[in-house]
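The analysis underlying the following values was restricted to heavy atoms, covering all of them including side chains, and did not include hydrogens, waters or symmetry mates.
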Amino acid sequence: MLVKEELLEKVVEVQRRSDRVMSIVLAPEREVVRVICGYGPQTGRSREEKDGFYDEMASEWDLGSRSGLVLGLGDFNGHVGKWMNGFDGVHGGYGFGERNVEGRMLFCDEKDLCVANTWFKKKRKVTFSAEGNQSEIDFVLVDKNSRKFLRDVKVIPGELQHSLVVADIDKKRS
């Protein structure tokens, strides 16, 4: 997890829950922001391991949901797909590819969240590219009531397999 140098003094807590889930709490001005970073098990890993990951993410979400803005970021190793099909309010209709089991396992319905990437129409949606395969597996999750604070979610390509996913947030906006 990277934190902009000017925000370092605003960090009030760093919590490593496991090898796959960690969080950081920032207190800029009078706001509290919890950022949860996750690295989901890859395709082919056991259902038990995947369930454990999503349980950890959901538990970490519960810790912050009472006290301000919470963002879930990371490589979830799941595909939410191009279309919303039955995921109204969760999926904004601007995804990439086909939904798979891991994409359906995201805990968005359970926690009333949305996949923020899918709410912004972009030419570049691919967040992972290797050996000619392209997919969107890195996401920004936010509760549905806080989606109004998102100005943009964009993908910045680089030299690595994963592209950087950036969320622009304006908490003063309503």
_Distance in Å, T127 OG1 paired with L164 CG, rounded so as to fall on 0.5 Å steps_ = 10.5 Å
_R47 and V101: CA distance, side-chain angles, deciding distance, side-chain contact (heavy atoms from CB on, under 4.5 Å) verdict_ = CA-CA 10 Å; R47 177 67 185 231; V101 171; 4.3 Å; yes
*asked:* Which heavy atom of T43 sits nearest to which heavy atom of K50, and what is that distance?
replied: CA-NZ, 4.1 Å
_Partner of V142 under side-chain contact (heavy atoms from CB on, under 4.5 Å), chosen from L150, V70, V115, V153_ = L150
*Going through the checks in order, is the side-chain contact (heavy atoms from CB on, under 4.5 Å) test met by V90 and M84?*
CA-CA 8 Å; V90 171; M84 55 179 92; over 6 Å; no
*For M105 and F76, what are the C-alpha separation, side-chain angles and deciding distance, and is it a side-chain contact (heavy atoms from CB on, under 4.5 Å)?*
CA-CA 10 Å; M105 287 178 73; F76 291 93; over 6 Å; no
*Compute whether any side-chain donor of one residue and acceptor of the other, for S59 and D62, lie under 3.5 angstrom apart.*
no
*asked:* Please give me the minimum heavy-atom distance between G103 and V80, naming the atom from each residue.
replied: O-CG1, 4.2 Å
*asked:* If you compare all heavy atoms of L106 against all heavy atoms of Y54, which two are closest, and at what distance to 0.1 Å?
replied: CD2-CE2, 3.7 Å
*May I ask you to test the D112-D143 pair for a side-chain heavy-atom distance under 4.5 Å?*
no
Could you pull out all donor-acceptor pairs under 3.5 Å where a side-chain atom in residues 17-25 meets a protein atom, sequence neighbours excluded?
{"residue": "R17", "atom": "NE", "partner": "E60", "partner atom": "OE1", "Å": "2.8"}
{"residue": "R17", "atom": "NH2", "partner": "E60", "partner atom": "OE1", "Å": "3.1"}
{"residue": "S18", "atom": "OG", "partner": "R20", "partner atom": "N", "Å": "3.1"}
{"residue": "S18", "atom": "OG", "partner": "V21", "partner atom": "N", "Å": "3.2"}
{"residue": "S18", "atom": "OG", "partner": "E56", "partner atom": "OE1", "Å": "2.7"}
{"residue": "D19", "atom": "OD1", "partner": "R16", "partner atom": "NH2", "Å": "2.2"}
{"residue": "R20", "atom": "NH1", "partner": "Y39", "partner atom": "O", "Å": "2.8"}
{"residue": "R20", "atom": "NH1", "partner": "G40", "partner atom": "O", "Å": "3.3"}
{"residue": "R20", "atom": "NH2", "partner": "E49", "partner atom": "OE2", "Å": "3.2"}
{"residue": "S23", "atom": "OG", "partner": "R34", "partner atom": "NH1", "Å": "3.2"}
{"residue": "S23", "atom": "OG", "partner": "E60", "partner atom": "OE2", "Å": "2.6"}

*In this structure, are over 12 heavy atoms from other groups packed under 6.0 Å from R124 atom CZ?*
yes
*asked:* Hydrophobic clustering (ILVMFWY, side-chain heavy atoms < 4.5 Å, transitive) - are V11 and V35 grouped together?
replied: yes
*Just checking, any donor-acceptor pair under 3.5 angstrom between side chains of E102 and N100?*
yes
*Mind listing the closest non-hydrogen atom pair of C114 and G89 along with its distance?*
CB-O, 3.5 Å
*Roughly how far, to the nearest 0.5 Å, is CG of N117 from NE2 of H91?*
9.5 Å
*asked:* My understanding is that only residues two or more places apart in sequence, or in another chain, count here; which of them pass salt bridge (charged side-chain N to carboxylate O under 4.0 Å, His left out) with K82?
replied: none
_I want to check something: taking the side chain as every heavy atom from C-beta on, are L141 and L73 in contact at a cut-off of under 4.5 Å?_
no
*Could you pull out the closest heavy-atom pair between A130 and Q161, with the gap in Å?*
CB-NE2, 3.5 Å
*Mark yes or no: R147 above the aromatic ring of W119, with NZ or CZ under 6.0 Å from the six-membered ring centre and no more than 45 degrees from the axis.*
yes
*To the nearest 0.5 Å, how far apart are CG in D152 and CG in D170?*
12.5 Å
*Show your working on side-chain contact (heavy atoms from CB on, under 4.5 Å) between F139 and E136 and close with a plain yes or no.*
CA-CA 8 Å; F139 300 109; E136 181 183 25; 3.7 Å; yes
*Write down the atom of F96, the atom of Q134, and the distance for their closest heavy-atom approach.*
CE2-O, 3.5 Å
*asked:* How long is the straight-line distance from CD of E31 back to CD1 of I169, given to the nearest 0.5 Å?
replied: 11.0 Å
*Cluster question for you: counting only ILVMFWY and a side-chain heavy-atom cut-off of under 4.5 Å, with indirect links fine, are I156 and L160 together?*
no
*Please state whether the rings of F128 and H162 are parallel, tilted or perpendicular, taking 30° and 60° as the class boundaries.*
tilted
